[in-house]
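In what follows, a single structure is set out as structure tokens and then discussed.
As the structure is a computational prediction, the values presented were derived from the model and not from experiment.
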Amino acid sequence: MNGAGFNFLPVCTAIMLLVFVFSVLNAAVNYFFKSADKPLLAAVAMLSLPLFVASVAPLRLIMQTKFLLQAKGTRTGIKPDIGFSGALKACELCVRLFFIKLFWFCVFEAVPVVAGALFVYGNYQSAVSLKAAYTVLAGLSLLAVAGLLFYCVFVQRYSKSMFFLACYKDFSAGDAITESVRRTRGKLSDIFLFKLSFVPWMMLCAGILPAIYVIPYYKQSLTCLYLSR
């Protein structure tokens, strides 16, 4: 990145700080109010989630726009202006992707979950040996891992959504998702393997300082990949 990572430092730091603050607040509420009624905790969660999305989603779009400009050769004075409409579209995109990915996660993990439920029900009706139970649990665990692997590859079809929202200001959130699905056909495994190659880098992010370098490097590399394909 030739030292250009400092251009992304404020936005990247702000995103990580917001994630940390909301995580700590959520943990604190659950710890100090664990004896409270569940409706109260649910109300707090429902209130904090929109605030989190409204805070982080526009920053993600700004950062993606910065990476796009950087990849195109704009190395100085990167000040993207996404506007209020861009911020709203970024929020909508994040919410839609959350529910879309949640749906597909349930689909890919449906087989081991249903099979596990049937096994538990059958075991209540007629107990099986401990050895048989271990065998079934091992099989269900393998199914769950396989489902998770296929899910991680499949959802790469949505990986370019924020990229296209940054590329085309006239795109809606739905347009960005549709274009991402269209432009990733036949490339899902390549994108997944490319991201997987960064796992050793991500493992270095045990501290905040490594993450400030690794995350911009990872995001910039993805942006260059998306531009080239």
Side-chain angles (χ1 to χ4, degrees), residues 1-23 50-98 101 155-184 187 190-192 194-199 201-202 204-205 207-229:
M1 293 179 63
N2 298 326
F6 290 106
N7 293 323
F8 314 110
L9 187 60
V11 180
C12 185
T13 304
I15 292 175
M16 289 190 291
L17 183 61
L18 285 170
V19 171
F20 175 76
V21 168
F22 275 96
S23 299
L51 290 175
F52 176 76
V53 172
S55 302
V56 174
L59 290 177
R60 287 187 58 197
L61 181 57
I62 290 173
M63 188 165 68
Q64 179 60 76
T65 306
K66 282 176 172 285
F67 288 131
L68 181 62
L69 293 173
Q70 175 71 23
K72 288 183 175 181
T74 306
R75 299 186 178 277
T76 58
I78 303 177
K79 296 179 180 180
D81 181 18
I82 63 172
F84 182 70
S85 62
L88 288 180
K89 287 189 289 186
C91 293
E92 180 188 353
L93 179 64
C94 289
V95 172
R96 292 181 66 167
L97 287 179
F98 172 80
K101 291 180 179 180
V155 295
Q156 299 309 315
R157 66 205 307 247
Y158 308 113
S159 61
K160 291 187 178 182
S161 299
M162 189 65 75
F163 170 79
F164 284 120
L165 197 62
C167 285
Y168 306 107
K169 292 187 180 298
D170 58 333
F171 264 28
S172 66
D175 293 333
I177 293 173
T178 301
E179 187 68 8
S180 177
V181 172
R182 187 180 72 84
R183 296 287 289 273
T184 54
K187 304 174 184 177
D190 292 339
I191 297 173
F192 174 72
F194 181 81
K195 290 183 175 181
L196 196 64
S197 67
F198 280 86
V199 169
W201 284 92
M202 296 301 177
L204 296 175
C205 297
I208 297 299
L209 289 179
I212 291 176
Y213 170 76
V214 172
I215 292 177
Y217 177 68
Y218 167 69
K219 293 292 187 180
Q220 185 68 74
S221 300
L222 273 181
T223 301
C224 293
L225 175 72
Y226 294 158
L227 277 173
S228 64
R229 298 183 185 182

Check side chain to side chain donor-acceptor pair (under 3.5 Å) between Lys219 and all other residues, then give those that pass, not counting sequence neighbours.
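In terms of side chain to side chain donor-acceptor pair (under 3.5 Å), with neighbours along the sequence ignored, Lys219 is linked to no residue.
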Partners passing side chain to side chain donor-acceptor pair (under 3.5 Å) against Ser161 (at least two apart in sequence or in another chain)
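If we apply the side chain to side chain donor-acceptor pair (under 3.5 Å) test to Ser161, skipping adjacent residues, there are no hits.
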Could you list the residues that satisfy ring pair (Phe, Tyr, Trp, His ring centres under 6.0 Å) with [X], not counting sequence neighbours?
X      : value
Phe164 : none
Phe52  : Phe22
Phe98  : none

Compare every heavy atom of [Y] with every heavy atom of [X], then report the nearest pair and how far apart it is.
X      : Y      : answer
Ala166 : Thr65  : CB-OG1, 3.6 Å
Ser172 : Leu165 : O-CD1, 3.9 Å
Ile82  : Ile62  : CD1-CG1, 3.8 Å
Pro216 : Phe67  : O-CE2, 3.6 Å
Ala57  : Cys94  : CB-SG, 3.6 Å
Ala71  : Leu227 : CB-CD1, 3.4 Å

Counting only heavy atoms not in Arg60 (residues, nucleotides, ligands), do more than 12 fall under 6.0 Å from its CZ?
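It does not: Arg60 CZ has 12 such atoms or fewer within range.
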Using the salt bridge (charged side-chain N to carboxylate O under 4.0 Å, His left out) rule, collect all pairs that involve residues 84-95, keeping only residues at least two apart or in two chains.
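Matches after skipping sequence neighbours: Glu92-Arg96.
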Can you tell me which residue pairs pass the salt bridge (charged side-chain N to carboxylate O under 4.0 Å, His left out) test with a partner in residues 170-182, sequence neighbours excluded?
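Those involving residues 170-182 are Glu179-Arg182, Glu179-Arg183.
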Please report the interatomic distance [atom1]([X]) to [atom2]([Y]), rounded to the nearest 0.5 Å.
X      : Y      : atom1 : atom2 : answer
Tyr217 : Trp201 : OH    : CH2   : 5.5 Å
Thr184 : Gln156 : OG1   : CD    : 8.5 Å
Ser159 : Leu97  : OG    : CG    : 10.0 Å
Lys160 : Thr223 : NZ    : OG1   : 11.0 Å

Sequence neighbours excluded, which residues qualify as side-chain contact (heavy atoms from CB on, under 4.5 Å) partners of Ala14?
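side-chain contact (heavy atoms from CB on, under 4.5 Å) list for Ala14, sorted by chain: Leu59.
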Side-chain heavy-atom pair Met162, Ser180 within 4.5 angstrom cut-off
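Side chain of Met162 against side chain of Ser180, heavy atoms only: no contact under 4.5 Å found.
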